[in-house]
Amino acid sequence: MDSTPSNPASLEEKRHTLAHLLAAAVHERFPHAKATIGPAIDNGFYYDFDFSSTDSSDGTAGHKHATPTEADLAGLEETMRELLPSWNEMLGTEVSENDARSRFAKNEYKLEIIDEVVAKGEKLTLYTAGDFTDLCRGGHAERPSKDIAKDSFVLDRIAGAYWRGNENKPMLTRIYGLAFNTKEELEAYQAQREEAKKRDHRKLGKELDLFTFSDLVGSGMPLFTPRGNIVRSSIINYSRELNNELGFGEVHTPNVNKGDLFKISGHYDQYKEGMLSVHSQYVEDEMFLKPMNCPQHTQIYASQPRSYRDLPIRYSDFAVLYRDERPGELSGLTRLRAFSQDDGHIFCREDQIEAEVESVLAAIQKALATYKIEAWMRLSLRDPQNKAKYIGEDETWNKAEEIMRTLLKEKNITFKEAEGEAAFYGPKIDIMAVDALGREWQISTVQLDFVQPSRFQLEYTAEDGAKKTPVMIHRALIGSPDRFMGILIEHYGGAFPAWLAPVQVRVLPISDKQGDYAQEVLTTLRAAGIRAEVDTASESLGKKIRDAKMQKLPYLLVVGDKEITDKTVSVESRDHGKLDASSVADFVTKISQEIKDRA
RNA sequence: GCCGAUGUAGCUCAGGGGUAGAGCAACUCCAUGGUAAGGAGUAGGUCGGCAGUUCAAUUCUGCCCAUCGGCUCCA
């Protein structure tokens, strides 16, 4: 232990210390709780407890509930604040295995940790502050009462979590806390979270009438309204345009497929649980709603003999896919049972991989720039400790991973490597988008696959007449249009740029008297292909403005007697405020350009 | 799927063993208005579903369904 406790504690050390403080508070109020693990996380800390124990010898708890609920958080927080002043020093002492075991004899979780520490040949240390001692490897604020401001943390929520993150192990109770250096930083974080809540796509999807769900249709099956479908299909059409530039040919394939297709591709073995089966009264084979497009695309490739001259062959597909996600995993548009992808597969020769991946990455960059979304790249590799999760030979994998890594390096693209994130058939370059609030989402992906082409016995005739196996590149530009729409709603806070906006212009007559002129303007706008509507309500202009602002419409055209006389419209821009009056024709020219530019 | 919470009018919510209430939205009327809510009135609900307890259940209990916060998973 460092004997000069003059170093200010880092935020991570404070958070870790607060996890201990939480455990101490829990022990006071719920003496039967078994503490397990409590680390610092990027907005605070958590600690996992097992409250299921019934062998609590002392009945001092006086608590009716064996397990705390949200209602207990305030009390626990209070206890933490009461204890904090007495935590003047947090000291570690090394102990023997036997000492450690006897101290935690009733806590099988700590015993398991002791086993691991011992197995690794590391030292066992106990840390004590106030009256509370925990098994821990260290990394705390050394003077908690001085280092930690009592108003810089708050208990946040309570949730279930599996011991060791393994769903076959016991479910523990996790208590999350938020913690920052100061009260101000904590409040700033909470305010930012409030802002995120306002932008929640599930909330905005309802308010802006973009999509809905129905118990009768089923969970995870989104119903897009006319407004929402404009956003969705605008996303798809843009991806389609980018695909065309890349030389893709769009295909159309059925939703129901024989199980054999997925047995050969390997998906049946890997994901049978995640596939929805369909039964036919005539066809005996087990059939499935397709969870992805790649196996079908192999069959289009295989429908003709292919020459090396034909390659690359590129197929794109926007089909709806179905995956039997577990109910607890569904969430708005970001996790669905029925969703599409802006999917594409490239069949090419090995010497074409680099150029193909490069052009796909360029298209992704272009799309991200259009959507004004920042992103970083992740090279997703196989987990070398768990090769059974993947199909294909070591040699193939090493080759594929090295091709991707070299390509990224040669293009001077910065990336992070992530083991265990690969697809079961090959490594991926995943594009991680960062939205307006700094949250990360995995969207696009480029995957190298040497496995499926050979399993489907795909081939082409090489220059020398020999039969060779093509390489398959799986790729998406923005991933899933449905999911991406959810991300975009939050990214823009519902204020879509004109090209994506369900309604681009609303005409607001000041009173009923200008109704005819408003209709005239509407007709002109619609003839120019602009998505426009008129607010015909018998309400004040103030009310109409308010309604339009709440709908976050890009442009409002106010028309009164003055505009009728001058043959103009008064333009109110969502992003630039009140603009000068202009002729309808001039406005049409301006907004049409903006839409065309996807500005 | 697991742990926990929630489900009341189109939306946001209040209420509570004796068949329900507000604001906004909707509809009607008045007002005809110049950049974020003009006024008045009307209508609207088997209180998520199915059972059970009870003289009586929207309220209590159980089981389902859905949603939310996490965990796990994500081809």
Side-chain angles (χ1 to χ4, degrees), chain A residues 46 48 50-52 65 67-71 156-176 197 200 202-203 206-207 209 212-220 262 265-275 290-295 321 323-332 334-336 339 341 343 389-391 421-426 428 442 445 447 449 452 474 476 479-480 483 508-515 537-551 556-563 570-572 577-578 581:
Chain A
Y46 70 76
D48 286 347
D50 181 353
F51 289 96
S52 67
H65 311 290
T67 305
T69 65
E70 303 266 337
D156 187 34
R157 56 179 56 133
I158 198 159
Y162 298 107
W163 169 236
R164 298 265 126 152
N166 182 335
E167 64 179 319
N168 298 315
K169 297 201 167 170
M171 174 66 65
L172 306 171
T173 301
R174 175 171 299 178
I175 299 176
Y176 283 95
K197 233 177 176 177
D200 189 317
R202 294 165 297 194
K203 179 171 138 68
K206 198 176 276 180
E207 288 172 6
D209 186 25
T212 188
F213 291 90
S214 158
D215 282 0
L216 287 176
V217 175
S219 57
F262 303 113
S265 73
H267 291 94
Y268 184 92
D269 285 338
Q270 293 281 337
Y271 295 109
K272 184 175 185 299
E273 303 304 312
M275 302 203 290
K290 66 171 165 182
M292 87 300 298
N293 298 307
C294 37
L321 308 175
R323 294 180 186 177
D324 195 16
E325 302 290 356
R326 296 156 120 187
E329 289 158 1
L330 298 169
S331 177
T334 51
R335 196 70 179 272
L336 295 164
F339 65 100
Q341 287 182 343
D343 204 2
K389 266 173 69 183
Y390 309 89
I391 58 177
E421 295 289 342
F424 73 86
Y425 46 68
K428 310 187 284 180
Q442 191 204 313
T445 178
Q447 311 171 356
D449 181 1
Q452 286 197 64
H474 306 241
S480 162
R483 182 177 134 88
L508 310 182
I510 283 174
S511 76
D512 297 347
K513 289 188 296 192
Q514 295 86 19
S538 287
E539 292 288 351
S540 65
L541 180 63
K543 181 63 183 299
K544 289 180 187 178
I545 297 274
R546 178 182 152 83
D547 287 347
K549 294 281 183 190
M550 305 258 285
Q551 287 291 308
L556 309 180
L557 301 183
V558 176
V559 295
D561 289 339
K562 198 168 60 174
E563 285 76 11
S570 286
V571 184
E572 165 88 16
K578 199 170 170 181

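The structure presented is a predicted model; accordingly, all values stated were derived computationally and were not measured. Side chains included, hydrogens not; waters and symmetry mates left out as well; all remaining heavy atoms used. Chain A is the first sequence line, chain B the second, and so forth, proteins listed ahead of strands; every chain is numbered from 1.
- The salt bridge (charged side-chain N to carboxylate O under 4.0 Å, His left out) test applied to A/Lys549 returns A/Glu572, not counting sequence neighbours.
- No side-chain donor-acceptor contact under 3.5 Å links A/Lys203 to the backbone of A/Lys197.
- Listed by chain and residue number, nothing satisfies the ring-ring contact (aromatic ring centres under 6.0 Å, His included) test with A/Phe339 (two or more places apart in sequence, or in another chain).
- Here the P atom of nucleotide B/rU35 and the CZ atom of A/Arg546 are 16 Å apart, to the nearest Å.
- Between the P atom of B/rU35 and the CD atom of A/Gln514 lies a distance of 14 Å, rounded to the nearest Å.
- Among the heavy atoms of the strands, none lies under 4.0 Å from A/Gln452.
- The gap from the C1' atom of B/rC65 to that of B/rU72 amounts to 22 Å, rounded to the nearest Å.
- Between B/rU8 and B/rC68, the two P atoms lie 14 Å apart (nearest whole Å).
- Taking atom C1' in both B/rG48 and B/rG7, the straight-line distance is 6 Å, to the nearest Å.
- A/Asp547 pairs by the side chain to side chain donor-acceptor pair (under 3.5 Å) definition with nothing, not counting sequence neighbours.
- Listed by chain and number, the residues in a side chain to side chain donor-acceptor pair (under 3.5 Å) with A/Arg335 are A/Glu325 (sequence neighbours excluded).
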side-chain contact (heavy atoms from CB on, under 4.5 Å) assessment of A/Phe262 paired with A/Met292: CA-CA 10 Å; A/Phe262 303 113; A/Met292 87 300 298; 4.0 Å; yes

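- The separation of B/rU54 from B/rC60, taken at their C1' atoms, amounts to 10 Å, rounded to a whole angstrom.
- Paired regions of RNA chain B, where each region holds three or more successive Watson-Crick or G-U pairs whose two hydrogen-bonding distances fall under 3.5 Å, are B:1-7 with B:65-71, B:10-13 with B:21-24, B:26-30 with B:38-42, B:48-52 with B:60-64.
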Would you tabulate the pairs of protein nitrogen or oxygen atoms and nucleotide nitrogen or oxygen atoms of nucleotides 40-45 of chain B closer than 3.5 angstrom?
none

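- In terms of the salt bridge (charged side-chain N to carboxylate O under 4.0 Å, His left out) criterion, A/Lys206 has no residue partners (sequence neighbours excluded).
- With P as the reference atom, B/rG69 and B/rG44 are 36 Å apart, rounded to whole Å.
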Nucleotides 24-30 of chain B: which of its N/O atoms have a protein N/O under 3.5 Å away?
residue	atom	partner	partner atom	Å
B/rA25	OP1	A/Lys543	NZ	2.5

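- If you take atom P in B/rG18 and the same atom in B/rA25, they sit 33 Å apart, rounded to whole Å.
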Nucleotides 65-75 of chain B: protein proximity per nucleotide (B base, S sugar-phosphate only, - neither; heavy atom, under 4.0 Å): -SSSBBBBBBB

Chi angles and distances behind the salt bridge (Lys or Arg N to Asp or Glu O under 4.0 Å) call for A/Glu539, A/Arg546: CA-CA 11 Å; A/Glu539 292 288 351; A/Arg546 178 182 152 83; over 6 Å; no

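- Residue A/Ser540 places at least one side-chain N or O closer than 4.0 Å to OP1 or OP2 of B/rG38.
- Contact annotation: side chain of A/Glu563 to base of B/rG34, donor-acceptor pair present below 3.5 Å.
- For B/rG21 and B/rG45, the P atoms lie 13 Å apart once the distance is rounded to whole Å.
- Whole-Å rounding puts the A/Glu207 CD to B/rG10 C1' distance at 13 Å.
- Among the heavy atoms of the strands lying under 4.0 Å from A/Glu572 is at least one base atom, whether or not backbone atoms are also near.
- Looking at which nucleotide of RNA chain B each of A/Ser570 and A/Asp512 is closest to, the 5′-most match is held by A/Asp512.
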A/Gln442 and A/Lys428: CA distance, side-chain angles, deciding distance, side-chain contact (heavy atoms from CB on, under 4.5 Å) verdict: CA-CA 12 Å; A/Gln442 191 204 313; A/Lys428 310 187 284 180; 4.1 Å; yes

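- Qualifying side chain to side chain donor-acceptor pair (under 3.5 Å) partners for A/Thr173, counting only residues two or more places apart in sequence or in other chains: none.
- Taking atom NZ of residue A/Lys203 and atom C1' of nucleotide B/rU12, one finds them 9 Å apart after rounding to whole Å.
- The pair A/Arg323-A/Glu329 does not meet the salt-bridge criterion, since no charged nitrogen lies less than 4.0 angstrom from a carboxylate oxygen.
- Considering only residues two or more places apart in sequence or on other chains, A/Arg164 meets the side chain to side chain donor-acceptor pair (under 3.5 Å) condition with A/Glu116.
- The shortest non-hydrogen separation linking A/Gly332 to A/Leu336 is O-CD2, 3.2 Å.
- The NZ atom of A/Lys206 sits 14 Å away from the C1' atom of B/rA9 (whole-angstrom rounding).
- Of the residues A/Tyr268, A/Tyr390, A/Tyr271, the one that meets the ring-ring contact (aromatic ring centres under 6.0 Å, His included) test with A/Phe424 is A/Tyr271.
- Not counting sequence neighbours, the partners of A/His474 by the ring-ring contact (aromatic ring centres under 6.0 Å, His included) test are A/His345, A/Tyr425.
- Comparing the same atom, C1', in B/rA40 and in B/rC47 gives a spacing of 30 Å after rounding to whole Å.
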